[in-house]
Amino acid sequence: MTREELCAKKDEAVAAFSFTGTYLDAMPYGSGHINDTFLARFAQEDGSVRPYILQRMNHEVFRHPEELIENIRRVTGFLRERLEAAGKNADRECMNLVPCKDGGWFYRDSIGSYWRAYLFIDHAVSLDAVTDPSQFYQSAVAFGRFQQQLDGFDASTLHEVIPHFHDTPDRYRLFEEAVAADKLGRAAEVADEIAFVRAREAFPHTLMDAHASGKLPLRVTHNDTKLNNVMLDETDQTPVCVIDLDTVMPGFSVNDFGDSIRFGANTAAEDEQDCSKVHLDLNLFALYTKGFLEGCGGKLTDTERALLPVGAKMMTLECGMRFLTDYLEGDTYFRTKYPTHNLVRCRTQFALVREMEAHWEEMCRIVESAH
Ligand code: ADP
Ligand code: GN1
Ligand code: MG
């Protein structure tokens, strides 16, 4: 869909939801790679302006948007009850879908795109990079707490919206398929990256094997714990709310930990073109470990704790493989801004994997000594 078509459809979608006030405008918002997010503004009778989040769900990535919405309804309903019971402000500390005028929770537009809307979480920020280490610590508390809050939620009742999402051996298989197909003739250009992945062929099995042998439990996890998927209070940076609940599914706690490290403990941006700037910040790693364990409130088993560094390397290698696979397949999954964007992202991930390998003992020591 072109930008113009998308903008035309967003106005159609705006009209479908029960927003309060008079529609002013809706502008593209945020820096997610998957959905099309808009900030829709409405004038209120008292002269103030009320924002809402309006999103076109990515139908290519999420094949069954109705199931996705059902998951989100159930998870947010569960969280709301817990927050209300604890006397918290559930409109701010939890995602809240805005209903459609017909009473449904999503809108299907005239060309078949699916839309949803959320209450806007105000006086809070979503960060693309850490500017103060305490922000990273707070995001860790938020994601750890999120997992703890969902303890008791029956994971088997959730739809698996993206099957095998963090099944890293399966990601490896898809990577090899993309290399073999070499649809765009790009494989030769990325021979070094292909060799990098193949040299680590055994590693992707580590967590799945630990699970198969009964050592690593499945939990309800977030599965996309990027720093920008948590809102922090704009004044004191304390956690407000975990967002982007699309991938809440059964998963491994260590992968939730790991995906945050992948994104937030990298000294460079995910799409930094100069890989020499990519380092693992061990202070941030230690801070996140402390915050995550605190947030989980003692729920992790000894094996889960011991496997936290593996989760960090797993998510970084997997994400690099996913960017590389998408590059080989012609950039159909992640939103890209220029032709080699996915390749650049893949290279930063692999540089970070190298850093983790170089600092492996330190990572393990930090986890061992964390309380
Ligand atoms: P994607 O799946 O594309 O990453 P997200 O659901 O993470 O989409 O939304 C993209 C961005 O929009 C977030 O990083 C955040 O900045 C902003 N955002 C999403 N939901 C809300 C909300 N309820 N309140 C405030 N900002 C939000
Ligand atoms: C996507 O949706 P967003 O931008 O928060 C992706 C994650 C990747 C991430 C890489 C549903 O996250 O799995 O780790 O990009 N989400 C999905 O930046 O595939
Ligand atoms: Mg996001």
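Worth knowing before you read on, the calculation uses all heavy atoms, side chains too, and leaves out hydrogens, waters and symmetry mates. When a ligand or atom number is given, it counts from 1 through the structure's own listing order.
- Rounded to 10°, the angle formed at the Mg ion (ligand 3) by OD2 of D244 and OD1 of N229 is 90°.
- Annotation for K101: atom NZ counts as buried by contact number, over 12 foreign heavy atoms lying within 6.0 Å.
- Within the 4.0 Å heavy-atom criterion, the part of K226 lying near ligand 2 is the side chain and not the backbone.
- Checked against a 3.5 angstrom limit, the closest N/O atoms of H166 and ligand 2 fall outside it.
- Heavy atoms of F263 found under 4.0 angstrom from ligand 2: none, in either backbone or side chain.
- When only non-hydrogen protein atoms are considered, atom 21 (C) of ligand 1 lies nearest to I53 CG1, 3.4 Å.
- Shortest contact from atom 9 (O) of ligand 1 to any protein heavy atom: Q55 NE2, 3.2 Å.
- Atoms of ligand 1 lying under 4.0 Å from any heavy atom of I34, numbered from 1 in the order shown and given with element: 2 (O), 3 (O).
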Apply the test salt bridge (charged side-chain N to carboxylate O under 4.0 Å, His left out) to residues R345 and D271: give CA-CA distance (whole Å), side-chain angles for both, the deciding distance (0.1 Å), then the verdict. CA-CA 5 Å; R345 288 169 174 153; D271 58 357; 5.1 Å; no
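- Close contacts between ligand 2 and Y333 involve ligand atoms 11 (C), 17 (C), 19 (O) [criterion: under 4.0 Å to a heavy atom].
- In D246, neither the side chain nor the backbone holds a heavy atom less than 4.0 Å from any atom of ligand 2.
- The distance from ligand 2 to the heavy atoms of I34 drops below 4.0 Å at these ligand atoms: 1 (C), 2 (O), 11 (C), 16 (N), 17 (C), 19 (O).
- Here R262 has side-chain heavy atoms under 4.0 Å from ligand 2, and that is the only part of it that gets that close.
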